[in-house]
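Since the structure comes first, as structure tokens, the remarks are kept for the end.
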Amino acid sequence: PGGHCDGNPDTLQVALKEVREEPGVAARPLRQSIFDIDVHTIPGNSREAAHLHYDIRYLLEADPALEVARNHEAKAVRWVPLDEVRLYNPSESLLRMQRKDIVNI
């Protein structure tokens, strides 16, 4: 899940709100600090010029027994084992987070 902060400087609260709204899951942060930042270019289009986009990511925990919601923003959400993430989304951005040492969090 993800979304824009729309002026809210508390990026952790925005992340928690997006998890509640999109897959409909209550989650808690495993730490208060940022887990990962991904910077990538958004190509220009008829409405805006090309620009850098910053994904601020937190490590959150939710009960895997909870059903995830299906809605217009979260159509194919499901729990997958961490070692199978690459099978669903092999982007380096996600694989980098998978490689991080979360044991000492």
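Basis for what follows: all heavy atoms, side chains included, without hydrogens, waters or symmetry-related copies.
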Problem - Close side-chain approach of Ile37 to Asp55, heavy-atom, < 4.5 Å - result: no
Problem - Met97 and Asp38, any side-chain heavy atoms less than 4.5 Å apart - result: no
Handout entry: salt bridge (Lys or Arg N to Asp or Glu O under 4.0 Å) against Glu61, all qualifying residues, sequence neighbours excluded
Key = Arg28
Fill in the blank from the handout: All heavy atoms of Phe35 vs all of Leu59, minimum pair found to be CB-N, 3.7 Å
Practice task
Report yes or no: does His51 contribute a side-chain atom to a donor-acceptor pair with the main-chain N or O of Ala49 at less than 3.5 Å?
Solution key: yes
Problem - Residues in salt bridge (Lys or Arg N to Asp or Glu O under 4.0 Å) contact with Asp36, at least two apart in sequence or another chain - result: Arg57, Arg96, Lys100
Problem - Nearest non-hydrogen partners of Pro1 and Val19, listed with the distance - result: CG-CG2, 3.8 Å
Handout entry: Rounded distance (nearest 0.5 Å) linking atom CG of Asn89 with atom CD of Gln98
Key = 10.5 Å
Handout entry: Heavy-atom closest contact (Leu16 atom, Ala27 atom, distance)
Key = CD2-O, 3.6 Å
Practice task
Give the ring-plane orientation class for His53 versus His40, where under 30° counts as parallel, over 60° as perpendicular and anything between as tilted.
Solution key: tilted
Problem - Pairs meeting criterion salt bridge (Lys or Arg N to Asp or Glu O under 4.0 Å) with involvement of residues 85-94, two or more places apart - result: Glu92-Arg99
Expected list for residues 77-84: side-chain donor-acceptor pairs under 3.5 angstrom, two or more places apart:
unit_1, atom_1, unit_2, atom_2, d
Arg78, NH2, Tyr88, OH, 2.7
Trp79, NE1, Pro64, O, 3.2
Trp79, NE1, Leu66, O, 3.0

Problem - Interatomic distance, Thr11 atom OG1 to Ile56 atom CD1 [nearest 0.5 angstrom] - result: 6.0 Å
Fill in the blank from the handout: salt bridge (Lys or Arg N to Asp or Glu O under 4.0 Å) filter on Arg20, not counting sequence neighbours, yields none
Exercise for the section: Spell out, yes or no, whether Val25 and Leu12 are grouped together once hydrophobic residues are joined by side-chain heavy atoms under 4.5 Å, including indirect joins. Expected result: yes
Exercise for the section: For Pro29 and Leu60, work out which heavy atoms get closest and say how close. Expected result: CA-CD2, 3.6 Å
Handout entry: Partners meeting salt bridge (Lys or Arg N to Asp or Glu O under 4.0 Å) with Glu48 (sequence neighbours left out)
Key = none
Handout entry: Minimum-distance pair of heavy atoms, taken over all atoms of Arg31 and Ile34
Key = NH2-O, 3.2 Å
Exercise for the section: Indicate if Tyr58 and Tyr54 have the same hydrophobic cluster label, given that clusters are the connected sets of ILVMFWY residues with side-chain heavy-atom separations under 4.5 angstrom. Expected result: yes
